[in-house]
Amino acid sequence: MKPPSGRLDQAGLDFSLVVATVDADGRLLRALLASLQASAERNFEVIVADQNEGRHLQQVVDAFAGTLAIRYLRLPTRGVSAARNAGAALAQGRWLTFPDDDCRYQPDTLAAARRVLALDGVRVATGRTVDDALQPSVLRWRRDARDFDRWTMFACVTEATLFVERALFREVGGFDLRFGPGGPFPAAEGVELVERLLRTPGSGRARFDPAIQLYHPNKIPPWNRWAVRRFFVYAQGDGAFVARVPRGHAWWWVARTLASALLQALAFRGWASVAHAARIAGIGIGFFRYALQAAAGRKP
């Protein structure tokens, strides 16, 4: 199946998929691109933002150049938010989306996104991730389609399922480089971006629909030392987000998160409880790191 002829030079391109990747051997990226070959929706481009030291992923991109409208971008340093912003700067589609390199699209993922984005006033849309058994993964997603706001966005947002109008993304300045893997606060880059999108005048409607669905594996379980470390590190991004956005919706979200983590920690279920205790510590450390740096007049 060939890419649409000349679409990269036309203003009518619909979707730009920006893939920030540090895939060590190309296996994950190859699976993602292969899934896109089966997409019922063809009016899209893929921009691969490669953060590896070598260029082995360029060979993967070249292998798909005959069947996908795809471009390769080599970046000198790591940082997922910087990579996504760099890819978005090259994008020509009306809608931007940011799949992780370990995602896989279903044949109707982009078609479902198109239907949601065609609704009156929608400029931001999200869907859900699922595992190989088509069970929800990564988050405890909402079950029904609905509009969401800053109070209700936390069960509706990950970066991989986010679709945002390119003009709106650029208006708010893209991802904050301080958030996300490779940054000082290595998580929460998606909710931080969406929070800014939703308080931008004229941002329109934000819509969650579980019909927009793509595969993303659960990294945890198993519960082990690696899981504890991941909970601790990523929770620092959550804490920094609350320090950056000290508003009612952020406080409500973090209060619920801490309460849930405390209950899990007190359940005494081995590594799982240790991991949730580490999450509590990580949120606190991230919050105070961000707050102290801001109070000192330094950009966190």
Side-chain angles (χ1 to χ4, degrees), residues 18 20 22 49 51 75-89 96 98 100 124 126 139 148-160 162 164 168-203 206 228-262 265 275-300:
V18 178
V22 290
Q51 302 170 84
L75 299 172
T77 58
R78 291 192 175 188
V80 69
S81 291
R84 288 169 176 157
N85 287 349
L96 299 175
F98 304 93
D100 293 343
V124 176
T126 66
L139 285 184
F148 63 88
D149 57 22
R150 286 178 289 169
W151 286 87
T152 58
M153 69 179 181
F154 298 102
C156 299
V157 174
T158 64
E159 304 77 35
L162 172 65
V164 56
L168 180 60
F169 179 85
R170 292 182 175 176
E171 182 180 346
V172 304
F175 286 97
D176 188 322
L177 302 187
R178 295 168 290 185
F179 290 84
F185 303 101
E189 71 272 23
V191 292
E192 194 284 327
L193 170 63
V194 171
E195 201 278 337
R196 280 186 288 121
L197 292 171
L198 294 180
R199 59 184 166 89
T200 299
S203 61
V228 172
R229 177 65 179 170
R230 185 178 179 88
F231 265 46
F232 176 71
V233 171
Y234 275 47
Q236 292 182 45
D238 297 336
F241 167 74
V242 178
R244 171 161 168 67
V245 187
R247 298 179 176 90
H249 58 285
W251 288 117
W252 172 242
W253 170 72
V254 79
R256 293 177 62 189
T257 300
L258 288 171
S260 175
L262 180 60
H276 284 94
R279 187 178 193 188
I280 295 171
I283 288 173
I285 289 172
F287 180 92
F288 286 110
R289 278 181 57 212
Y290 190 103
L292 289 172
Q293 290 178 26
R298 294 184 289 121
K299 189 174 182 179

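Reckoned from all heavy atoms, side chains included, excluding hydrogens, waters and symmetry mates. Positions are given from 1 along the sequence. The model shown is predicted, which means the values in this text are computed figures rather than measured ones.
Residues satisfying the side chain to side chain contact (heavy atoms under 4.5 Å, CB included) criterion with Ala86, sequence neighbours excluded, are Leu73, Leu75. The side chain to side chain donor-acceptor pair (under 3.5 Å) check on Arg256 picks up nothing, with sequence neighbours excluded. The side chain to side chain donor-acceptor pair (under 3.5 Å) search around Arg279 returns none, not counting sequence neighbours. With sequence neighbours excluded, the residues satisfying side chain to side chain donor-acceptor pair (under 3.5 Å) with Arg196 are Glu192. Every residue meeting the side chain to side chain contact (heavy atoms under 4.5 Å, CB included) condition with Trp151, not counting sequence neighbours, appears here in chain and number order: Asp149, His249, Trp252. In this structure Asn85 satisfies the side chain to side chain donor-acceptor pair (under 3.5 Å) test with no other residue, sequence neighbours excluded. Looking at residues two or more places apart in sequence or on another chain, you find no ring-ring contact (aromatic ring centres under 6.0 Å, His included) involving Phe148. Considering only residues two or more places apart in sequence or on other chains, Arg199 meets the salt bridge (charged side-chain N to carboxylate O under 4.0 Å, His left out) condition with Glu195.
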Applying side chain to side chain contact (heavy atoms under 4.5 Å, CB included), run through Trp253 and Val242 and close with a yes or a no. CA-CA 9 Å; Trp253 170 72; Val242 178; 4.0 Å; yes

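Looking at every heavy atom in both residues, Ala277 comes nearest to Ala265 through N-CB, 3.9 Å. When all heavy atoms of Glu171 and Thr200 are compared, the closest pair comes out as OE2-CG2, 3.4 Å. Contact detail for Val18 and Ala88: the closest heavy-atom pair is CG2-N, 3.9 Å. Scanning all heavy atoms of the two residues, the minimum distance from Ala261 to Ile280 falls at CB-CG1, 3.7 Å. Taking both residues in full, the closest heavy atoms of Leu139 and Val157 are given as CD1-O, 3.3 Å, listed atom of the first, atom of the second, then distance.
No donor-acceptor distance shorter than 3.5 angstrom exists from the side chain of Thr126 to the backbone of Leu162, with no hydrogens or angles considered.
One finds the CZ atom of Arg247 at 6.5 Å from the CZ atom of Arg150 (value rounded to the nearest 0.5 Å).
Aromatic ring centroids of Phe175 and Phe169 lie under 6.0 Å apart. Checked against a 6.0 Å centroid threshold, the rings of Trp251 and Phe287 count as neighbours.
Using the six-membered ring where Trp is involved, Phe185 and Tyr290 have ring planes that are tilted, between 30° and 60° apart.
A 4.5 Å side-chain heavy-atom check between Asp176 and Leu193 finds every atom pair outside the cut-off.
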For a quick test of your reading: what N or O donor-acceptor pairs under 3.5 Å do the side chains of residues 232-239 make, sequence neighbours left out?
| residue | atom | partner | partner atom | Å |
| --- | --- | --- | --- | --- |
| Gln236 | OE1 | Arg289 | NH1 | 2.9 |

Please report, to 0.1 Å, the donor-acceptor pairs under 3.5 Å made by any side chain of residues 76-84, with sequence neighbours excluded.
| residue | atom | partner | partner atom | Å |
| --- | --- | --- | --- | --- |
| Arg78 | NE | Gln51 | O | 3.4 |
| Ser81 | OG | Phe179 | O | 2.7 |
| Arg84 | NH1 | Glu189 | OE2 | 3.1 |
| Arg84 | NH2 | Asp100 | OD1 | 3.1 |

